[in-house]
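Written below as structure tokens is the structure these notes are about.
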Number of protein chains: 2
Amino acid sequence: MKDNHCINGEICPVNQAESDQDNHCVKPECTIKQALKMIDGKWKLPIICTLGGQTMRFNELKREIAGITSMMLTSSLKELEECGIVYRESYHEVPPKVEYSLTDEGLSLTPILFDLGHWGNKLNMMKDKVNG
Amino acid sequence: MKDNHCINGEICPVNQAESDQDNHCVKPECTIKQALKMIDGKWKLPIICTLGGQTMRFNELKREIAGITSMMLTSSLKELEECGIVYRESYHEVPPKVEYSLTDEGLSLTPILFDLGHWGNKLNMMKDKVNG
DNA sequence: CTGGATCCTCCCGGATACTG
DNA sequence: CAGTATCCGGGAGGATCCAG
């Protein structure tokens, strides 16, 4: 057991059985956490859901997502792009035109997220039933 | 369009089409966020994965989960219990004995989380391939 | 053994103003 | 139109000590 670079980017105590060939920890909790980190933050989910299958421009997204600032939209889009969820196409024109869309991998994430939402709803309905 | 109590517990601008019969916002991003909130925080995921199908005592969990403090274990377990993911059985003995396990709903969450982890791994392998 | 109470630190994200 | 730069407050969570 030694401290190692975990797949989720943090230091994680890991033994041989929990490591891959690069000595990265691959414990379920860490791979899941690493996936969750990609959609972490206040605005990633709204961005992903608003984009859906569409292609949208920066200000179009900003209008659709109530309350988001330019700065948060910029940084969130950049992080989503870096991890491969969002595709960014910049047309070098004046005035600037930049289009955003989900990558195939981003699209393949959405059914999993919907499962998660469905699971949460089911759990809540059970709680409501218990509480009357 | 008016501000309403969202299903995820926050105030959310919502129109009629996005509301249920109780005027709760049911936008996908909000139901998903509500589900994610249940497993939010640094320790919920380690707890869920460590528990798995087992029944474990407080200090047993504390030993298994490297780095967690009593306080974080207590509060995380309590939140997981309140939302119906964890079942808590307290035997009124001296010294105290408390056992924790996943509820059926908690167990039904794990395959979804594994899907999420698998999705993240796939995405990372694609990135590695691109970067060489 | 199973927690509770307090204090403290770090960083996410909001507000505002500015730019190619 | 599509961003950047800077400042700042609040809350999550760690450390430490205490309790039934």
Side-chain angles (χ1 to χ4, degrees), chain A residues 3 8-13 29 33 36-48 50-51 54-83 86-101, chain B residues 3 8-13 29 33-34 36-48 50-51 55-83 86-101:
Chain A
D3 280 355
N8 76 12
E10 294 170 6
I11 299 304
C12 180
E29 61 193 74
K33 192 169 293 188
L36 286 176
K37 213 156 81 171
M38 299 186 194
I39 57 169
D40 194 32
K42 189 173 181 177
W43 300 106
K44 304 261 180 70
L45 229 32
I47 290 172
I48 291 171
T50 302
L51 272 177
Q54 307 181 67
T55 293
M56 299 178 75
R57 300 183 60 172
F58 186 87
N59 272 7
E60 206 174 346
L61 274 168
K62 191 174 172 193
R63 270 194 305 276
E64 292 286 325
I65 302 175
I68 196 170
T69 62
S70 292
M71 200 190 138
M72 290 315 297
L73 182 53
T74 302
S75 64
S76 300
L77 281 170
K78 184 184 289 181
E79 288 176 30
L80 287 170
E81 187 200 357
E82 280 168 356
C83 74
V86 158
Y87 174 66
R88 178 182 193 272
E89 172 105 47
S90 174
Y91 303 86
H92 298 282
E93 309 173 348
V94 177
K97 174 182 174 185
V98 184
E99 287 184 340
Y100 296 93
S101 57
Chain B
D3 281 356
N8 75 13
E10 293 170 5
I11 297 302
C12 180
E29 61 193 75
K33 191 168 296 186
Q34 171 234 21
L36 286 176
K37 214 156 80 173
M38 299 186 193
I39 57 169
D40 193 31
K42 190 172 185 179
W43 301 106
K44 303 260 182 70
L45 229 30
I47 290 172
I48 292 171
T50 302
L51 272 178
T55 293
M56 300 178 73
R57 298 184 60 174
F58 187 87
N59 271 9
E60 207 174 345
L61 274 168
K62 191 176 174 194
R63 270 193 306 274
E64 293 287 324
I65 303 175
I68 196 171
T69 61
S70 292
M71 196 192 144
M72 291 314 296
L73 182 54
T74 302
S75 65
S76 300
L77 281 170
K78 183 184 288 181
E79 287 177 30
L80 287 171
E81 188 200 357
E82 280 168 356
C83 75
V86 158
Y87 173 67
R88 178 181 194 272
E89 172 104 47
S90 173
Y91 302 86
H92 298 284
E93 308 173 352
V94 178
K97 174 181 174 185
V98 184
E99 287 186 340
Y100 296 93
S101 57

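Just so it is clear, the values below take in all heavy atoms, side chains as well, and ignore hydrogens, waters and symmetry mates. Only a predicted model underlies this, so the values are computations on that prediction, with no experimental measurement involved.
Listed candidates were D:dA2, D:dG3, D:dT4. Nearest to the side chain of A:Lys78 is D:dT4. The side chain of A:Arg88 approaches D:dA2 more closely than any other nucleotide in the set D:dC1, D:dA2, C:dG3.
Contact annotation: the side chain of B:Glu79 never approaches that of B:Asp40 to less than 4.5 Å [non-hydrogen atoms, C-beta and beyond]. Looking at A:Cys83 and A:Lys37, their side chains never come closer than 4.5 Å, going by heavy atoms from C-beta outward. Between A:Glu89 and A:Ser101 the shortest side-chain heavy-atom distance does not fall below 4.5 Å. Side-chain contact between B:Thr74 and B:Phe58: present, with at least one pair of heavy atoms (C-beta onward) separated by less than 4.5 Å.
Here the P atom of nucleotide C:dG3 and the CG atom of B:Leu80 are 13 Å apart, to the nearest Å. If you take CD of B:Glu10 and C1' of C:dG14, they are 14 Å apart, rounded to a whole angstrom. Distance A:Glu89 CD to D:dG3 C1': 18 Å, rounded to the nearest Å. One interatomic measurement links the two molecules: NZ of B:Lys44 to C1' of D:dA12, which rounds to 11 Å at whole-angstrom precision. Taking atom NZ of B:Lys42 as the reference point, atom C1' of C:dC11 lies 13 Å away to the nearest angstrom. Rounded to an integer number of Å, the gap from A:Leu77 CG to D:dC1 P is 16 Å.
B:Trp43 contributes atom CH2, which lies 12.5 Å from atom CG of B:Leu77 (distance to the nearest 0.5 angstrom).
For A:Lys97, the side-chain contact (heavy atoms from CB on, under 4.5 Å) test picks out A:Arg57, A:Tyr91, A:Glu93, A:Glu99, with sequence neighbours left out.
Using a 4.0 Å cut-off on heavy atoms, the residues of residues 60-75 of chain B that approach DNA chain D are B:Met71, B:Met72, listed by number.
At least one side-chain nitrogen or oxygen of A:Arg57 sits closer than 4.0 Å to the OP1 or OP2 atom of D:dA2. Put simply, A:Trp43 has no side-chain N or O that comes within less than 4.0 Å of OP1 or OP2 on C:dC12. An OP1 or OP2 oxygen of C:dC1 is reached within less than 4.0 angstrom by no side-chain nitrogen or oxygen of B:Tyr100.
For the helix from C:dC1-D:dG20 to C:dG20-D:dC1, the terminal axes (five pairs an end, C1' atoms, rotation from four pairs onto the next four) enclose an angle of 50°, given to 10 degrees.
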